[in-house]
Amino acid sequence: MRKPVVLITGAGGEIGHGLIDRLSGRKERAIVTLDVSPLDSGIAARVDREITGSILDRAVLDRVLSEYRVELVIHLAALLSTRSEFTPVMAHQVNVEGTLNLLEFAQHEAESHGRPVVFIYPSSIAAYGLPSLEAKQKAGRITEDEWAHPTTMYGCNKLYCEQLGTYYARHYKQLAAETAAGKVDFRCVRFPGLISALTVPSGGTSDYAPEMIHAAAKGEPYACFVRPDTRIPFMAMPDGVDALLALAAAPKADLRRTAYNVTGFNPSAEEVRAVVVKAFPGAQITWEVDLKRQRIVDSWPADIDDTAARRDWSFAPRYDFEQGFSEYLIPTIGKRYT
Ligand code: SER
């Protein structure tokens, strides 16, 4: 029998780096990646097969379908929120049509092998939309089913694809019961802003925190594009990667939802700055508010409630704000730039 495969789309991105780092030590599944750009040398050598191509190209997906027995799809490819506001139609194509292609791919894969394909999808706090700062302050820590009124193209895409995945899981589950064929086992996390010590994001709106840290480590000045009092949830990348893998491995019977909030800590931008300045005393961080980006983060919650993830699949992040900086970000980033 062919070795089972995990297919990772958007593998060259921020989450992909952390994920490949973690998965390449494991032997149970071969890693096949799909990304529009070639992977950098740090991760390329650690995957079994690298395909450079687009998730919008069905011929590429058909080829993967015929060559591999994919039992897990981790669909990371997307345009992030700031970038998507500049090119909303392209964002819709990549974020929605691309996801539809991958869901169809997973469905065909499940049918042809007669067993479910686990489909892991990273959604985002961008799926939320609070109408005003006052409402944001009052709402505090919110659950998955509150305030799901996204204001950005990216947020709309993410929320819709959560529903689309749930549709595939339900609709084809009924068919599967009738035909005994496989189905898509769709599972999704709503991530807060992710902060990685290894890579710097591009095109996101939560990027001010990682940009501030990386700039300070490099000894470069940084003008933060949001107000000091801006508060949204964040998580250290290793916890984000663990969350995806823990959700993928969870027994199906334990999952009472398809979309789960996960979070680590939620400092204000000023609090991030204070920690960064303490770690890198020469850091020059100023404030230069970009109104469009500010409006986006102001519509995102100040905190999210991840009780359901803790209850159903034992989500337990390793890093709080202090440890995230002192044990992961500062030592790892420091090494990277020296
Ligand atoms: N971090 C992402 C962004 O800022 C949100 O998922 O676009």
Side-chain angles (χ1 to χ4, degrees), residues 9-10 12-19 74-88 90-92 94-96 98-99 120-130 136 142 144 147-162 165 188-214 224-227 230-241 243-244 259-267 269 272 289-304 306 309 324 329:
T9 70
E14 281 232 284
I15 302 175
H17 269 84
L19 191 61
I74 304 183
H75 174 42
L76 307 175
L79 298 191
L80 293 184
S81 54
T82 294
R83 168 81 200 278
S84 295
E85 289 308 286
F86 286 104
T87 54
M90 191 199 277
H92 192 277
V94 173
N95 296 349
V96 175
T99 301
I120 297 293
Y121 182 67
S123 184
S124 159
I125 45 164
Y128 291 110
L130 290 113
K136 171 168 170 160
I142 64 179
E144 287 85 350
W147 301 103
H149 313 294
T151 60
T152 59
M153 176 53 99
Y154 174 78
C156 292
N157 296 164
K158 286 290 180 189
L159 185 62
Y160 171 64
C161 287
E162 289 184 10
C188 152
V189 289
R190 276 196 198 151
F191 272 136
L194 289 169
I195 311 180
S196 170
L198 304 174
T199 49
V200 198
S202 68
T205 319
S206 58
D207 295 1
Y208 60 89
E211 281 173 2
M212 205 186 275
I213 305 165
H214 283 259
C224 179
F225 59 79
V226 296
R227 289 186 317 267
T230 304
R231 190 182 293 279
I232 59 166
F234 286 99
M235 181 187 260
M237 187 59 85
D239 282 330
V241 168
L244 295 178
Y260 288 92
N261 281 346
V262 288
T263 188
F265 38 86
N266 70 329
V272 177
V289 173
D290 175 314
L291 283 178
K292 273 196 197 149
R293 298 181 102 180
Q294 182 72 58
R295 255 200 299 276
I296 294 175
V297 282
D298 283 346
S299 79
W300 292 353
D303 200 3
I304 51 176
D306 58 13
L329 289 165

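When reading the values below, keep in mind they use all heavy atoms of this one structure, side chains included, and skip hydrogens, waters and symmetry mates. Numbering of ligands and ligand atoms starts at 1, following listing order. Keep in mind it's a predicted model, so treat the numbers as computed, not measured.
Under a cutoff of 6.0 Å and an axis angle of 45°, R190 and Y128 form a cation-pi pair.
Interatomic distance, OG1 of T230 versus CH2 of W300, reported as 11.5 Å (0.5 Å rounding). Distance CE/M237 to CG/L329: 10.5 Å, rounded to 0.5 Å. Taking CZ of R293 as the start and CG of D298 as the end, the distance is 13.5 Å to the nearest 0.5 Å.
By the salt bridge (Lys or Arg N to Asp or Glu O under 4.0 Å) test, D239 pairs with no residue at all, sequence neighbours left out.
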Short N or O separations between ligand 1 and the protein, below 3.5 Å:
unit_1   : atom_1 : unit_2 : atom_2 : d
ligand 1 : 1 (N)  : S206   : OG     : 2.8
ligand 1 : 4 (O)  : S81    : OG     : 3.3
ligand 1 : 4 (O)  : T205   : N      : 2.6
ligand 1 : 4 (O)  : S206   : N      : 3.0
ligand 1 : 4 (O)  : S206   : OG     : 3.3
ligand 1 : 6 (O)  : S124   : OG     : 2.7
ligand 1 : 6 (O)  : Y154   : OH     : 3.0
ligand 1 : 7 (O)  : S81    : N      : 3.0
ligand 1 : 7 (O)  : S81    : OG     : 2.5

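With S84 contributing its side chain and M153 its backbone, the two residues share no donor-acceptor pair below 3.5 Å.
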